[in-house]
Novice: 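Have a look at this one.
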Amino acid sequence: MYEYGTVVLIEYPYTDLVGVKLRPAIVIKDTNDSDFIVVRATSQPRLSANDVTVEDWQEAGLLKPTIIRVHKLTTLETKLVKRKMGKLSARDLNSLSICIRKLFEQ
């Protein structure tokens with residue numbers, strides 16, 4: 001089981017489902033079946049109202065400064081995880097939670 005805020009390296013599908021890219025993702029919810037909900041993480045600084053900058057990216061096991069694209073929610077099979085990288089810090093988890101709430105209030 002993966003906790004909220006766990007950073008995983010995963011085969012993340014392109015939105016057109018033509019291929020996948022090995023990339024970090026942040027676990028939002030693991031419901032104890034073979035799937036979980038994740039959001040995409042990227043090093044590309046395209047900031048929008050639905051993005052969260054990871055302040056403590058090294059502590060989270062990320063290799064470079066990272067943006068969480070909160071509106072890129074995806075349900076994937078947990079077997080796609082290549083490895084667990086780390087976990088977001090308390091302040092980054094708080095920022096993520098605030099952004100998720102705002103996303104669904106819009």
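Values in this document were obtained by computation on a predicted structure and should not be read as measured data. Index from 1, following the sequence. Side-chain atoms are counted along with the backbone in the values below, which use heavy atoms only and exclude waters and symmetry mates.
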Novice: Does Lys82 have any salt bridge (Lys or Arg N to Asp or Glu O under 4.0 Å) partners at least two apart in sequence or in another chain, and if so, which?
Specialist: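 Checked Lys82 against salt bridge (Lys or Arg N to Asp or Glu O under 4.0 Å); matches are Glu11.
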
Novice: Not counting sequence neighbours, which residues clear side chain to side chain donor-acceptor pair (under 3.5 Å) with Lys79? List them please.
Specialist: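 Applying side chain to side chain donor-acceptor pair (under 3.5 Å) to Lys79 gives Glu77.
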
Novice: Shortest non-hydrogen contact from Ala49 to Cys99?
Specialist: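 Closest heavy-atom pair between Ala49 and Cys99: O-SG, 3.7 Å.
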
Novice: Which distance, rounded to the nearest 0.5 Å, do you find between the CG of Leu73 and the CG of Asn50?
Specialist: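 Result: 9.5 Å between the selected atoms.
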
Novice: Does anything in residues 61-83 pair up under ring-ring contact (aromatic ring centres under 6.0 Å, His included), and if so which pairs, sequence neighbours excluded?
Specialist: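 Output for this query is empty, none listed.
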
Novice: Using the rule that two of Ile, Leu, Val, Met, Phe, Trp, Tyr join whenever any of their side-chain heavy atoms come within less than 4.5 Å, decide whether Val39 and Leu22 are in one cluster.
Specialist: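 Yes, one cluster joins them.
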
Novice: Nearest 0.5 Å please: distance from the NZ atom of Lys87 over to the OG1 atom of Thr6.
Specialist: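 Lys87 atom NZ to Thr6 atom OG1 measures 5.5 Å (nearest 0.5 Å).
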
Novice: How many angstroms lie between atom CD1 of Ile28 and atom CD1 of Ile100, to the nearest 0.5 angstrom?
Specialist: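 Rounded to the nearest 0.5 Å, the CD1-CD1 separation comes out at 3.5 Å.
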
Novice: Taking atom CD1 of Ile37 and atom OG1 of Thr74, what is their separation to the nearest 0.5 Å?
Specialist: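 One gets 9.5 Å once the value is rounded to the nearest 0.5 Å.
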
Novice: Counting only pairs under 3.5 Å, give me each side-chain donor-acceptor contact of residues 57-67, with atom names and distances, residues two or more places apart or in other chains.
Specialist:
| unit_1 | atom_1 | unit_2 | atom_2 | d |
| --- | --- | --- | --- | --- |
| Thr66 | OG1 | Lys64 | O | 2.7 |

Novice: Should Leu88 and Ile68 be marked as a side-chain contact (heavy atoms from CB on, under 4.5 Å) after you check the CA-CA gap, both sets of side-chain angles, and the distance that decides it?
Specialist: CA-CA 11 Å; Leu88 295 179; Ile68 301 170; 3.9 Å; yes

Novice: For Thr42, which residues count as a side chain to side chain donor-acceptor pair (under 3.5 Å) partner, sequence neighbours excluded?
Specialist: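 Counting only residues at least two positions away or on another chain, Thr42 forms no side chain to side chain donor-acceptor pair (under 3.5 Å).
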
Novice: Sequence neighbours left out, what passes side chain to side chain donor-acceptor pair (under 3.5 Å) with Asp33? Give chain and number order.
Specialist: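 Listed in chain order: Thr31.
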
Novice: Going by salt bridge (Lys or Arg N to Asp or Glu O under 4.0 Å), name the residues that satisfy it together with Arg40, two or more places apart in sequence or in a different chain.
Specialist: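 Residues passing salt bridge (Lys or Arg N to Asp or Glu O under 4.0 Å) with Arg40: none at all.
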
Novice: Which atoms form the tightest heavy-atom contact between Pro24 and Met85, and what is the distance?
Specialist: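 For Pro24 and Met85, the tightest heavy-atom pair comes out as CB-SD, 4.0 Å.
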
Novice: Would you kindly confirm whether Phe104 and Leu93 end up in one hydrophobic cluster when ILVMFWY residues are joined by side chain heavy atoms under 4.5 Å apart?
Specialist: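 Yes: a chain of side-chain contacts under 4.5 Å links Phe104 to Leu93.
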
Novice: Side-chain heavy atoms under 4.5 Å apart, restricted to Ile/Leu/Val/Met/Phe/Trp/Tyr: what other residues fall into the cluster of Val38, or is it alone?
Specialist: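 Traced through the cluster, Val38 reaches Tyr2, Val8, Ile10, Tyr12, Val27, Phe36, Leu76, Leu80, Val81.
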
Novice: Under the side chain to side chain donor-acceptor pair (under 3.5 Å) definition, can you give me all pairs with a residue in residues 91-100, not counting sequence neighbours?
Specialist: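 Those involving residues 91-100 are Tyr4-Ser97, Asp56-Arg91, Ser89-Asp92.
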
Novice: Which ILVMFWY residues can you reach from Ile98 by hopping between side chains whose heavy atoms are under 4.5 Å apart?
Specialist: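 Cluster partners of Ile98: none, it stands alone.
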
